[in-house]
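Each ligand, and each atom within it, is numbered from 1 in the order the structure gives.
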Amino acid sequence: MFNCWRRWRDNRIVNNHPIDERDWQQVLARLPILAGLSQAELDKLRRMAILFIQQKDFVGIGGLQLTGNMALLIALQACLPILNLGLHWYKGWKSIIIYPAAFKARQTQFDQYGVAHEMEQHLAGQAWARGGVVLAWDETAQAGVVDGHNLVIHEFVHKLDMLNGSADGFPPLRPGMSAAAWTEAFSGAYEDFSGQVHRGRNTAIDQYAATNPAEFIAVTSEVFFELPALLAQTYPQVFAQYVEFYQQDPSQRLAS
Ligand SMILES: [Zn+2]
């Protein structure tokens, strides 16, 4: 009964907020990571993006004039990882704040003696445990370059990770997935990757992944959706866990 009501309500929202076909094609052309999705998958993503845009508050700040196409570009990338999971994976928060360019953030970090240090960092994005997501538009708009970097996917994977507490590289797994298999795949890969970074090796995957397990899954998820063959080759166990978790295999559609 409840599902039925929700479906009726969602249908009403989708019908009342159609995406103009020209806008849709324009935004699609800017997102090569969506190449290879079937028509049914694209239709599903389009519906999800409409609901996502209606459910979230998009706020442009610092003089940024937010357009419908900008929101759509963000929504399509944000919804790709949850295409087969459902929009409820982004429940419980509303705001998506967009700055014109990489921004400064003040953070307090405690050292080994418990002394607080005020740090000022240049950041392109942030995901807040009890809030929303902050994105820099200049980096968000880089989505057209397929290089294994995708700011939107990165920040939204943090939100998935935070669904069961703080970001720790261990999101709530799907039914049937093994926590032991996830831990084994990720701890092995993280140890190997951190070791390479500490030894000063060049890595094809962004070395920011060695920061902590939360950044490891955010960065390797970017690679999963942008350069799946690279991840499948480097860390096949991690790749296999993502196929199960995200319920999709980008290496099938981006094979060429
Ligand atoms: Zn991050």
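Ring to ring, Phe156 and Trp93 are close: their centroids are under 6.0 angstrom apart. Annotation: Phe58 is not in aromatic contact with Trp137 [ring centroid separation under 6.0 Å not met].
Here the closest non-hydrogen pair linking Ile153 and Phe225 is CD1-CB, 3.7 Å.
None of Phe186, Phe224, Phe239, Trp182 except one satisfies the ring pair (Phe, Tyr, Trp, His ring centres under 6.0 Å) rule with Phe245; the exception is Trp182.
Not one N or O on the side chain of Tyr242 forms a donor-acceptor pair closer than 3.5 Å with the backbone of Thr220.
Protein atoms of type N, O or S found under 2.8 Å from the Zn ion (ligand 1) total 4.
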Next item on the list: For Arg12 and Asn15, run side chain to side chain donor-acceptor pair (under 3.5 Å): C-alpha distance rounded to whole Å, both residues' side-chain angles, the deciding distance at 0.1 Å, then the answer.
Entry: CA-CA 5 Å; Arg12 226 169 86 114; Asn15 292 336; over 6 Å; no
